[in-house]
Protein chains: 2
Amino acid sequence: MIGQANSIERRSGVALWRQIADQLLHSIAVGDFPENAALPPEVALAERYGVNRHTIRSAIAALVQEGVLRAEQGRGTFVLSRRRLSYPIGARTRFSEGLQGQASERHITLLASSVEPANRRVAESLGLAKGVDVIRLETRGEADGMPVSRAAGWFDARRFAGIDAAMAETGSITASLARFGVSDYLRQSTVLSARHADAADLADLDLQPGAIVLVTVAVNVTPDGQPIQFSESRFPAERIELKLSAL
Amino acid sequence: MIGQANSIERRSGVALWRQIADQLLHSIAVGDFPENAALPPEVALAERYGVNRHTIRSAIAALVQEGVLRAEQGRGTFVLSRRRLSYPIGARTRFSEGLQGQASERHITLLASSVEPANRRVAESLGLAKGVDVIRLETRGEADGMPVSRAAGWFDARRFAGIDAAMAETGSITASLARFGVSDYLRQSTVLSARHADAADLADLDLQPGAIVLVTVAVNVTPDGQPIQFSESRFPAERIELKLSAL
DNA sequence: GAAATTTGTCTATTGATATAGACAATTATA
DNA sequence: TATAATTGTCTATATCAATAGACAAATTTC
């Protein structure tokens, strides 16, 4: 954080306990409260934020629920592991490789697939006519059992017919594309935004209401510039940061 | 958006009217409701979100307050301009150039400057010893009179003594660095995250409580790899998207 | 063992959020 | 001009969020 104002807004449509929970989460992520350290006692936090102790307790309860804190009667409240994974985005963005070294177990699950007519956005990105059939793959990425991404990918249905089966079998976009003669692909463009998690995000990513998701909209192309995949991915901001590298 | 669930969460610590306001904002940004188009009538929206009409009215009132919507009795509620600027991030990220063509007027204001001992993060990034003096520049970027970024930049105080004055005079980081013999610089690394705007963000960026900010932490280096600037920038997610390019 | 510190639970009260219904005011349309 | 559609205002009620205070339960410290 910059100015470290540590202040909160009333009548904002966001409950005080949630604002405080968010700030604590941020303080922890930034390292103000290291792993296993004790948080200041509830009374001290209440004074610092200018709220009632019960409001602090609500914020802490939410973070305990999220698995960020552990409260022990008589001892204090302690910080559990809250390391954010750093997901590299660059010319060769690959899920599993990207998190190598940060999580021992990582995989992608195919949640659903469908064939649908391309909407304007998908069609333009893939260089197809609007309305042409495309295959949509809905996937979730997990690292050490924790959901870290939720993505939708669109592919030309004629060129990549059966990629859904390949994906289900291999659990890898890269491997699936390889079956269709795509030995290599590059990230052509990435546009980034952020918003509140909606109900679908909450369910898919196992988040608590009020969480924030990072959203990337990207196009992958073959080395000779032919677009093969359009995707929209969502990352829980509390678990992932995006590290931009050579692109 | 992906599944387009358009649903909301109760008892989440985020008021329903704010969740709905956020979703409407997103729908508008994505183009579901084009500029000058009429929103569905309040009764229809109430049914669609499964809430009372008064709750919809609260959400709309907030967006009217933010200047996103205009309500006219007897006619309907209409979308005002809600174009998000696209801020390019790449090897040569420069504020003014980046928004060229998207905003006719754009400039950086120096809000404050100070000399302080480098903390661990700044010291490591700049290759200095912890505690060495660094200059901190607090700036705000504006496009067409609207705040679009709020940044803190840190520089080695010995090498760049007086850069605060240069910044105040030129209104440009690039021009200021040029005075110290830095004719060119590159973006070495960028780490990206998102969080709720805190009180300082709300004031600096003229945001409404509950808004989301994109946060970039970056290091700029000279062409031969010498780090010269460490920075942390915040962008209002409702006004800016980040477009990642060759980095 | 006693005291101090800290989290856990309970009751009560106030203000913000959300629902429900009715009707007024304005605009567009038949 | 009448009717329908839409936003604006008002009252009433229920639930959630936040404050306030008191005391219990567990742990650490002296």
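Per chain, numbering begins at 1; letters A, B, ... match sequence-line order.
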For nucleotides 19-23 of chain D, list the nitrogen or oxygen atoms of the protein found under 3.5 Å from its nitrogen or oxygen atoms, one pair per line.
unit_1	atom_1	unit_2	atom_2	d
D/dT19	OP1	A/R10	NH1	3.4
D/dT19	OP1	A/R10	NH2	3.1
D/dT19	OP2	A/N52	N	2.9
D/dT19	OP2	A/T55	OG1	2.2
D/dA20	N6	A/H54	NE2	3.2
D/dG21	O6	A/H54	NE2	2.4

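Listed nucleotides: D/dT7, C/dG8, D/dA17. Nearest to the side chain of A/W17: D/dA17. Closest contact between the side chain of B/Q73 and the listed nucleotides D/dA26, C/dT26, C/dT6 involves C/dT26. Comparing atom distances between the A/R75 side chain and each of D/dA17, D/dG8, D/dT27 picks out D/dT27 as nearest.
In B/E47, the CD atom is not crowded: 12 or fewer heavy atoms of neighbouring residues, nucleotides or ligands sit closer than 6.0 Å.
Spacing between atom CG of A/L63 and atom C1' of C/dT7 amounts to 16 Å, rounded to whole angstrom units. Atom-to-atom, CD1 of B/I60 to P of D/dT9 comes out at 14 Å; the value is rounded to the nearest Å. The nearest whole Å value for the distance from the CZ atom in B/R18 to the P atom in C/dA18 is 11 Å. If you take CD of B/E72 and P of C/dA25, they are 19 Å apart, rounded to a whole angstrom.
In this structure, B/E142 pairs ionically with B/R140, as a charged nitrogen and a carboxylate oxygen lie closer than 4.0 Å. Salt bridge present: B/E138 and B/R150 bring a charged side-chain N and a carboxylate O closer than 4.0 Å.
With rounding to the nearest 0.5 Å, the separation of OH in A/Y87 from CD in A/E241 is 14.0 Å.
As judged by a 4.0 angstrom heavy-atom cut-off over every strand, A/T77 is placed among residues touching the sugar-phosphate backbone only.
Under the rule for a side chain to side chain contact (heavy atoms under 4.5 Å, CB included), the partners of A/A44 that lie at least two apart in sequence or sit in another chain are A/P40, A/P41.
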